Amino acid sequence: MLSFLVDGGQMGAAMRGYDWDSTRLGSPADWPAALKTLIGVVLGSNQPMFVAWGEDHTLFYNDAYAAILADKHPGALGQPFLQVWSEIAADLVPILQQAYQGLPVHMDDITLMMQRRGYLEETHFTFSYTPIRGVGAVIDGLFCACTEITEQVMAERRRAADVERQRQLFEQAPGFITILQGPEHVFEFANASHRRLFGDREFVGRTIREVFPELVGQGFFERLDQVYQTGERFVADHSPIRLHSPGGPSVERFLDFICEPIRDDGGNVTGIFVEGHDATEARRAQAELRESEERNRRIVEGVKDHSIFTVDTHNRIVDWTPGAEAVFGWAAEEVTGQSAEILFTPEDCAAGIPATELATAAARGCANDERWHVRRDGARFFANGSVRPLHDADGSITGFIKIARDETERRAAEAALRETEQRYRLAAKATNDAIWDWNLLTDRVDWNEAVSVLFGHAPEQVEPTGDWWIRHIHPDDRDRVGDAIHAVIDGAGDQWAAEYRFRRSDGTYADVFDRGHVFRDDQGRAIRMIGAMLDLTERKRAEDALRELNETLETRVSERTAELMVAQDALRQAQKMEAVGQLTGGLAHDFNNLLTGISGSLEMMQIRVAQGRTADVERYVNAAQGAAKRAAALTHRLLAFSRRQTLAPKPTNVNGLVSGMEELIRRTAGPEIELETVSTAGLWPSLIDPSQLENAVLNLCINARDAMPDGGTITIETANRWIDRRMAEQRGMEPGQYISLCVSDTGTGMAPDVIAKAFDPFFTTKPLGEGTGLGLSMIYGFAKQSGGSVAIYSELEQGTMVCIYLPRHLGEADAADGEIGIEKAPRADEGETVLVVDDEPTVRMLVAEVLTDLGYNAIEAADGAAGLQVLNSDLRIDLLVTDVGLPGGLNGRQVADAARAVRPDLKVLFITGYAENAVLSHGHLDPGMHVLTKPFAMDVLATRIKELIQD
């Protein structure tokens, strides 16, 4: 046991069990002394530490650093440091270069975007990189001690945000707020209300004695000193204060305020929080109220449109004014001394409202009252008023005075107004215009969602004030629009409209047409304005473009236009014919070769059979089958780029598929090409046709090889991807989870114009006769038909990367299927019958022959109608095998659906050489229905038939 590897917890055990002999470092016993010493230090420390050693920067780390690696552990041990942290390599390379130049590096806070738990996350670290010198003072590696401070950084951010949010709340508070620090009471903060009340005296950073010298002798400084020294709060009610504003006379005010001590974590007082309100007006109002109560009593005698009466503390009517007689209908002598309950509805009396109303007024000093009342004749009316207590000279409550006005008509008008507003709100949701609702009493403006859609302002950016609206009007239009709006508000009609320029969130201006309607109360005062803003930018742009186009068209000669159109049509037709000629020429050449092999083999088989030389027949059979399979592969390529091939998708482990192809790709690429694979751990499965994906990968590798005539590197990478909406729209796919399979090379690259046409059918950059232009079209068609997409990234002389994106499958990948020969196919049970419907006699004959050899009863039908006659009979049918495309008006799917109507449990096998998606419901088949693609091997057909019958 080597002493430097004795301890170290899990990582010590991992290092002891690692196969170091297979690495450049070799056996740990032969490692340099400096490396042994450092590893002993790392394993013996509780702080996260690692060592990067040698030209590969081989990574060694302890248990504490394993927690930082997260999902990258334990696979990171012994791997190149920059490969382990590939996602932040751009951040680490300059630091490593500096360390390997002999300069130590220390950072108190570095921000790194790491992907160590399956997603990208912001992290923060404190670390020191120390270069380690070996023999000859050469730097052999580096040692790092680090600490992750992500949580501390995030917590500090949250704390700063909370402090700022609290300051904003204080700044907007209706009462005055200030924060004083230290025994000298130095201003740290004073909000807007404080500045408005006491004037802008440059509070922050100055003591209260410096700011308010006139408070000497008024007791305020002494109260603050007492709060700071004792730690006890102080509360003042209507406390008088005399202020001398700079350059003005002295004023007396009355304040309600509280002084609350501020303590540190140890409980020591460090400052004082002061919050309060100006109570001057309230105090003055109370004094004036006492003086005016008697005067008001005399005044109300002459009021005719308001009901004014008083009650004593026992809720008995004491005074009854002519206004009350006019509203309620009772004379004073009829109600004086009566309970006030005669004025309320039975429902309110049963609920105890009269007594509750008076008690509330006594507690609050005043109580608003809006409710239904009863007249002498029993009629009900809605009254709005208030209840106020009456006081004697000592301030004791002697009774109550109630003022009520008949507002039945106003209430009906308000209901009508609310109904109108509701209609406006519903219209705001249903329209594309920016609808605004301006409350002129509070200056609040509410917008619908269209203001964000049309002009880009996020909801949190839209301030609910008229000032925000006016600020976003173009400066050259602002005065004109403001004058026009306020003219309508002041009485110049009820309708307003204007065109102006409105600023978007990006600083540009939109041309808008705005119109609004003013709502007024019964005194004619404007209380609300509702309107709609229409974006005219695109319409004006279109009008300008149309105007320019008309001016241009007037100067053009019609004969020249006709000639150009003819020339364009001729060019397009020539391009189409050239492409079709290139395709058909290549296909004809390939198919002639394949047909020659098939027909020649069949002819030689006839000759040898006639000669009795049957030993040679198998060789010609193999030759004919090989040519037929190559022909089938060629048709599959044609169907793939047209996106009409019949796919056989199944859950697939793409990492396993690529791994199984490595040897084939190396043989195909040749000795001058180096192959690298980067497989993501935990790669999701995908529901695809694995054979088609193999063809796609092989095609991409061949293209990569051809792009590197002098040799180079092909890299195949897999990864899990989240495709957001923006990226999905760019690539013509749905947002969601995908896997990516990317093939990159270090070759000549592709120009932008070549990339733009790379997926076009028949397009190729290869010399004539060396490519049909179907390769990338086939890959694009396969990806699209599988629900994914393809993208190309390339730079001239830098290389090319082609990425296939395939949807994630939520399930496990299937294991690889084994092969079975026709001689091993299962035999039929007695009486099992299969109906074969196909318009091609040869196919029908071959399928029937296979079925007969396996012991099945085979019934043949040449079209859908004949097949239905059999299906509607009493014959036993265990399985229907039908071509999808049939003559006579009924296709294979229609035959199967009609058969299911009379035989609900009938199994169906569709055989087809062309994927009619509309017939096969875009790959979604009913239970018990399956597809087999032509051409197919007879053993595959036999096995599939038996599986379906026994399922």
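Values in this document were obtained by computation on a predicted structure and should not be read as measured data.
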Any side-chain heavy-atom pair of [X] and [Y] under 4.5 Å:
X: Gln98; Y: Ile95; result: no
X: Glu672; Y: Met708; result: no
X: Leu35; Y: Asp140; result: no

### Task
State which residue, out of Trp20, Tyr65, Trp53, Phe4, fulfils the ring-ring contact (aromatic ring centres under 6.0 Å, His included) condition with Phe60.
Trp20

### Query
Is any side-chain N of the basic residue among Glu87 and Arg116 closer than 4.0 Å to the acidic one's carboxylate O?
no

### Query
Would you call Glu663 and Arg666 a salt bridge, using N to O less than 4.0 angstrom?
no

For residues [X] and [Y], report the shortest heavy-atom separation together with the two atoms involved.
X: Gly682; Y: Asn720; result: O-ND2, 3.2 Å
X: Cys146; Y: Ile68; result: SG-CD1, 4.0 Å
X: Val105; Y: Ala99; result: CG2-N, 4.5 Å
X: Leu5; Y: Pro28; result: CD1-CB, 4.2 Å

### Query
Using 30° and 60° as the class limits, which term best fits the ring planes of Phe50 and Tyr129: parallel, tilted or perpendicular?
perpendicular

### Sole candidate of Ile673, Leu700, Ile665 that passes side chain to side chain contact (heavy atoms under 4.5 Å, CB included) when paired with Arg705
Ile673

Tell me whether [X] contacts the main-chain N or O of [Y] through its side chain, where contact means a donor paired with an acceptor under 3.5 Å.
X: Thr718; Y: Thr680; result: yes
X: Ser740; Y: Tyr805; result: no
X: Asp56; Y: Pro80; result: no
X: Ser686; Y: Pro807; result: yes
X: Asn655; Y: Ala681; result: no
X: Thr715; Y: Glu676; result: no
X: Asp745; Y: Thr800; result: yes
X: Lys72; Y: Trp85; result: no

## Note on the structure
Residues at least two apart in sequence or cross-chain that pass side chain to side chain donor-acceptor pair (under 3.5 Å) with Thr748, listed by chain then number, are none

### Task
For Cys742, enumerate each residue passing the disulfide bond (SG atoms under 2.5 Å apart) test, keeping only those at least two apart in sequence or located in another chain.
Cys803

### Task
Would you check if there is a donor-acceptor pair between the side chains of Thr150 and Glu148 at a distance under 3.5 Å?
yes

